[in-house]
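Structure first, commentary second.
Note that the coordinates shown come from a computational prediction; the quantities given were computed from them, not determined experimentally.
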Amino acid sequence: MKNTTERLEALLNLGSAYVSKAPESELVFKPNPLKWSKKQILGHLIDSAINNLQRFTEIQFETKPYKIRPYSQEGLVSANDYQNSKTAEILTLWLALNNRIVKVISLLSESTLNFQIEFDNGNISDLRFLVEDYVDHLEYHLNQIVKK
């Protein structure tokens with residue numbers, strides 16, 4: 001997990017540097033009404049962090065396989081109104097949540113990483129997959145934010 005935590009930390013540095021310097025007009029721009037702005041994408045990453053932090057910690061003491069509960073991505077972005085929130089506030093929240101995730105995953109043992117998870121479609125995997133998928137997901141969306 002050391003490489004995964006280092007990768008996550010590098011992504012946090014990249015995202016923080018970019019968002020803290022980007023003009024607000026760029027962050028709130030929506031390419032079309034059905035697409036998220038960069039600010040809303042950051043909000044989506046907050047929602048992802050909240051849900052995954054809970055998963056990464058709960059799996060350690062819940063019945064296995066741990067059932068992955070899906071969440072409404074669109075609904076959460078809308079309900080949290082990230083588009084009209086202060087950029088500094090959501091950036092701080094995103095960083096705080098992910099710094100906690102770095103801490104949690106750095107404490108996971110090999111045994112814990114092998115804990116089974118079950119998706120709502122019945123597919124089985126393990127915590128290691130979930131952690132790596134989380135970082136891949138964050139990287140994918142962060143690339144959407146930092147691209148010009």
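Separation of atoms CG (Leu14) and CD (Glu9) is listed at 14.0 Å; rounding is to 0.5 Å. Atom-to-atom distance recorded for Thr5:OG1 and Ile101:CD1 is 12.5 Å, nearest 0.5 angstrom. Between Leu127 atom CG and Glu132 atom CD the span is 9.5 Å, to the nearest 0.5 Å. To the nearest 0.5 Å, the span separating CD on Glu6 from CE on Met1 amounts to 12.0 Å. The line from CD1 of Ile46 to CG of Asn51 is 12.5 Å long, rounded to the nearest 0.5 Å. Rounding to the nearest 0.5 Å places OG of Ser125 at 10.5 Å from CG of Asn114.
Residues Gln40 and Tyr82 come closest through the heavy atom pair CA-CB, 4.4 Å. Nearest heavy-atom pair, Leu108 versus Thr112, reported as atom, atom and distance to 0.1 Å: CD2-CG2, 3.6 Å. Here the closest non-hydrogen pair linking Leu45 and Leu142 is CD1-N, 4.3 Å.
Side chain of Gln60 to backbone of Phe56: a donor-acceptor contact under 3.5 angstrom is found. A donor-acceptor pair is defined here as one N or O able to donate and one able to accept, closer than 3.5 Å; such a pair exists between the side chain of Ser20 and the backbone of Ala17. Ser16 places no side-chain N or O within 3.5 Å of a backbone atom of Asn13 that could act as its donor or acceptor partner. Side chain of Lys39 to main chain of Val28: no donor-acceptor pair is present (N/O by atom type, distance under 3.5 Å, no hydrogens or angles). At least one donor-acceptor pair closer than 3.5 Å links the side chain of Asn143 to the backbone N or O of Glu139. A donor-acceptor pair under 3.5 Å is absent between the side-chain atoms of Asn52 and the main chain of Arg55, judged by distance alone.
Judged by a 6.0 Å distance limit and a 45° cone about the ring axis, Lys64 is positioned over the six-membered ring of Phe115.
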Original post:
Should Val19 and Trp94 be marked as a side chain to side chain contact (heavy atoms under 4.5 Å, CB included) after you check the CA-CA gap, both sets of side-chain angles, and the distance that decides it?
Top reply: CA-CA 11 Å; Val19 171; Trp94 179 69; over 6 Å; no
Original post:
After noting the C-alpha distance and the side-chain angles of Leu53 and Thr57, does the key distance pass the side chain to side chain contact (heavy atoms under 4.5 Å, CB included) rule?
Top reply: CA-CA 6 Å; Leu53 176 58; Thr57 53; 4.3 Å; yes
Original post:
Please walk me through it: do Gln73 and Asp47 pass side chain to side chain contact (heavy atoms under 4.5 Å, CB included)?
Top reply: CA-CA 8 Å; Gln73 298 175 16; Asp47 298 332; over 6 Å; no
Original post:
Passes side chain to side chain contact (heavy atoms under 4.5 Å, CB included), Ile117 versus Ile124? Steps please.
Top reply: CA-CA 6 Å; Ile117 60 171; Ile124 302 286; over 6 Å; no
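Side chains of Leu12 and Leu95 form a contact here, defined as non-hydrogen atoms less than 4.5 Å apart. Annotation: side chain of Glu74 is in contact with side chain of Trp36 (closest heavy-atom distance under 4.5 Å). Looking at heavy atoms from C-beta onward, Ile68 lies out of side-chain contact with Asp120 at the 4.5 angstrom threshold.
Leu11 is connected to Leu97 through a chain of hydrophobic side-chain contacts under 4.5 Å among Ile, Leu, Val, Met, Phe, Trp and Tyr, so both are in one cluster. Each of Leu107 and Val102 belongs to its own hydrophobic cluster when Ile, Leu, Val, Met, Phe, Trp and Tyr are linked at side-chain heavy-atom distances under 4.5 angstrom. Transitive grouping of hydrophobic side chains (ILVMFWY, heavy atoms separated by less than 4.5 Å) keeps Val77 and Tyr71 in distinct clusters. By the rule that hydrophobic residues join a cluster once side-chain heavy atoms approach within less than 4.5 Å of another member, Phe29 and Leu42 end up as members of separate clusters. Ile50 and Leu76 are assigned to two separate hydrophobic clusters, defined by single-linkage of ILVMFWY side chains at heavy-atom distances under 4.5 Å.
Relative orientation of the His44 and His141 rings is perpendicular, given thresholds of 30° and 60° on the angle between their planes. A tilted orientation is assigned to the rings of Tyr134 and His137, their planes being inclined by 30° to 60°.
Residues Glu24 and Thr87 bring a donor and an acceptor atom of their side chains to less than 3.5 Å of each other. Between the side chains of Tyr66 and Glu118, no donor-acceptor pair is found at a separation under 3.5 Å.
Under a 4.0 Å N-O distance rule, the pair Glu62/Lys67 does not qualify as a salt bridge. A salt bridge between Arg7 and Asp136 is present, with a side-chain N of the basic residue lying under 4.0 Å from a carboxylate O of the acidic one.
More than 12 heavy atoms of other residues, nucleotides or ligands sit less than 6.0 Å from atom NZ of Lys30. Within a 6.0 Å radius of OH in Tyr140, other residues, nucleotides and ligands contribute 12 heavy atoms or fewer.
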